[in-house]
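One structure is given here, and the rest of the page talks about it.
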2 protein chains.
Amino acid sequence: MREDLRRLADAVARRVERRLIEELRATPCEATAEQCTGDGLCAVRRPDDVRRVQQAGAVRVGASPGIGPVRSDLAAIIDHTLLRPDASREDLARLCDEALQYRFASVCVNSANVRFCAERLRGSGVRTVAVVGFPLGAASTHAKAFETRQAIRDGADEIDMVINLGALKGRDYRTVLEDIRAVVEAARPHPVKVILETGALDRDGKVIGCALAKAAGAAFVKTSTGFGPGGATVEDVALMRAIVGDDVGVKASGGVRDGETAERLVAAGATRIGASASVAIVSGRGGTSGY
Amino acid sequence: MREDLRRLADAVARRVERRLIEELRATPCEATAEQCTGDGLCAVRRPDDVRRVQQAGAVRVGASPGIGPVRSDLAAIIDHTLLRPDASREDLARLCDEALQYRFASVCVNSANVRFCAERLRGSGVRTVAVVGFPLGAASTHAKAFETRQAIRDGADEIDMVINLGALKGRDYRTVLEDIRAVVEAARPHPVKVILETGALDRDGKVIGCALAKAAGAAFVKTSTGFGPGGATVEDVALMRAIVGDDVGVKASGGVRDGETAERLVAAGATRIGASASVAIVSGRGGTSGY
C-alpha cells in the first residue's frame with residue numbers, strides 16, 4: 001500500500017511535468033521580449049486570465065467613509081492575514097473588524113487565535129482560516145492532523161498547511177503525500193491549502209509539490225508563508241496554475257502589498273490572495289499607482 | 001479555578017520581580033566600568049559561576065582525529081541543533097553522528113524528524129530533543145500538547161516549546177501559564193524547556209515569562225528560537241538565572257557560534273547551550289580566540 005502510494009505520487013509528478021512541457025511546446029507564442037517571463041507561462045499565453053482581471057478591474061464600489069472607492073472584486077478573494085507571533089487580542093479584533101468592513105474572504109491566523117476570531121466573525125459569512133504546521137512545515141504528520149482537527153473544533157473554516165519541505169527537497173514524495181493526505185482527511189469537508197514555500201524550491205520542487213498536493217486532495221496550492229525566503233511571483237503562480245489545472249485553487253501570498261501586484265497575480269492564475277496589507281490593496285492606500 | 005490560576009500567576013510574577021530588585025539592591029558591587037553590564041547581573045556579581053566556567057575551561061580532552069583538543073565539558077551541555085525546515089535525511093544523519101562523536105547532550109530537531117533521530121541515537125545516551133509549537137509559539141494549546149505527546153511516542157527525551165508570545169505581550173498570563181502547563185503535563189516525566197524569544201520581549205516580559213514557566217513546572221527557560229529577533233545574550237541569561245533560581249535550568253540559544261561566547265553564557269548562568277555550530281564551539285574551529 002505504501003509502495004503503491006509512492007508509485008502513484010511519482011507517476012502523477014512525472015505526468016504533470018510531461019503534460020506541462022508538451023503544452024508549452026505546442027502553443028505558439030506572441031509575447032514581446034518585454035512581456036516574456038522566460039518560461040512560457042506569461043500573461044500573453046493566458047489571455048483568458050488577463051480578460052478576467054480586466055473585467056474585474058472595471059467593477060468598483062463605494063465602501064467605508066473616507067477611503068474612496070474599494071475593489072470589492074479583489075476583497076472577495078483576499079485572506080486578510082495576521083500571523084505575527086506577538087499579535088494581541090486588539091490586533092486580532094481589528095483584523096476581524098476590517099474583514100467585516102471590507103468583506104474580505106476570510107481572516108487567516110495562527111491556530112491559537114482561531115477560537116477568538118471565529119467567535120467574532122460568527123454568522124457574518126467571513127471565514128476563519130487556520131495555518132497548520134506553520135511556518136516551517138516540520139511538525140510531525142500526526143501533530144499537523146491534530147492541529148487541523150482542533151482548529152476546526154475551534155471554528156476554522158479552512159486550513160492552510162505547510163508542506164514537509166525537507167521531505168520534498170529530499171525527494172521523499174511518499175512522506176510528502178501522506179503528510180498532506182492526513183491533513184486533508186482531518187479537515188474534511190473543509191478545504192485545505194498547501195503552502196509550498198516556493199522561494200525555497202527549484203522548478204522541479206514547485207512542479208512536484210503541486211502534483212502531490214493535487215493528488216492528496218488539496219483544494220488549493222499556495223505560494224509562501226511570508227516567513228521564508230521570497231514571496232508570491234507572477235511566474236510561480238502561472239506555473240502552479242498550469243500544473244494543478246482548473247479544479248484546484250492557487251493562493252498567492254507573501255509580499256503582496258498593493259492592488260497592482262494583486263491584479264498581476266490574479267492575471268497569472270491566482271484565485272485567492274493572502275495579504276496583511278489587504279486594506280491598502282482594495283482601497284489604493286499604499287498602492288504604487290493606478291487607483 | 002481559572003481566576004485562581006490568574007491570581008497565582010500574577011502573584012508569582014510580582015514576587016519574583018520584587019525579590020530580584022531587592023537582591024540587587026542588597027548586593028554591593030565591585031565591578032569596574034568595563035565589567036558592568038548595567039543591570040547588576042554581570043559576572044562580577046556571580047563569582048561562583050565564573051569559577052565554575054574557569055574550572056570547566058581547564059578540562060580538555062582529545063577527541064576525533066584531525067581537529068585537535070575538544071572541550072568535553074562544553075560538549076556535555078550542548079543541544080546540537082538542526083531546525084532548518086529543508087533539512088534532509090543526510091543532514092539529520094550527520095547531526096546525529098556528530099552528536100555521537102563529540103558526546104553532545106542531545107540533538108534538537110523539529111518534531112517531524114524525532115523518530116528518525118531517536119532511532120539513530122537509540123542506546124547511545126545522546127538524547128533527542130523535539131521543538132514544539134515552533135518557532136512562533138502560536139499553535140493552539142491542545143495542538144502543542146498533542147505535538148508533545150506524539151514527539152515522546154516517537155522517541156523524544158525532552159521538549160523545547162515556544163511560549164505563547166501574543167498572550168505574554170498582551171499580559172494574558174493565565175493563557176501563558178495554562179499553555180505551558182498543558183505541555184508540561186503532556187511531557188511528564190520528560191523535561192520541558194520554555195523558549196521565551198527574549199529578543200522580542202522587554203525586561204518585564206522576560207521576568208514574567210520566566211516566573212510563569214517556573215510556576216507551570218518547566219525544567220528550563222530558554223532564550224531564543226533562532227528564527228526570531230536577536231539571540232542569546234549574557235544579560236538575558238543572567239536575568240533569567242536570577243529569576244528562576246537554582247532549581248530550573250537556563251538554556252542559551254540563538255547565535256552561539258564559538259566557544260568563547262558559549263563560555264560567557266555559562267558564566268552568566270546558562271546550564272545548557274543550543275547551537276548549530278556545536279562542533280566549532282567544542283573544537284575551536286571557527287572560534288574567535290582562546291583555544
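Note on naming: letters A, B, ... go to the chains in the order of the sequence lines (proteins, then strands), and numbering restarts at 1 for each one. These numbers come from the heavy atoms of this one structure, side chains and all, not from hydrogens, waters or symmetry mates.
- Although no hydrogens or angles enter the test, the distance criterion places no donor-acceptor pair under 3.5 Å between the side chain of B:Asn110 and the main chain of B:Ala112.
- Chain B is approached within less than 4.5 Å, heavy atom to heavy atom, by A:Phe134, A:Pro135, A:Leu136, A:Ala138, A:Ala139, A:Ser140, A:His142, A:Ala143, A:Phe146, A:Glu147 from residues 133-149 of chain A, ordered by number.
- With A:Thr223 contributing its side chain and A:Ser253 its backbone, the two residues share a donor-acceptor pair below 3.5 Å.
- There is no side-chain donor-acceptor pair under 3.5 Å between B:Gln101 and B:Asp97.
- The contact between A:Leu83 and chain B is made entirely by backbone atoms, counting heavy-atom distances below 4.5 Å.
- Residue with the most contacts toward chain B among A:Ser111, A:Ala200, A:Ala87: A:Ser111 (heavy-atom pairs, distance under 4.5 Å).
- Using a distance-only test at 3.5 Å, with no hydrogens or angles considered, no donor-acceptor pair links the side chain of B:Thr81 to the main chain of B:Cys108.
- Under a 4.0 Å N-O distance rule, the pair A:Arg188/A:Glu185 qualifies as a salt bridge.
- In terms of the side-chain hydrogen bond (donor to acceptor under 3.5 Å, both in side chains) criterion, residue partners of B:Asp79 (sequence neighbours excluded) are, by chain and number, B:Ser106, B:Lys193, B:Lys251, B:Arg272.
- Under 4.0 Å is where a charged nitrogen must lie from a carboxylate oxygen, and between A:Asp157 and A:Arg127 no such pair does.
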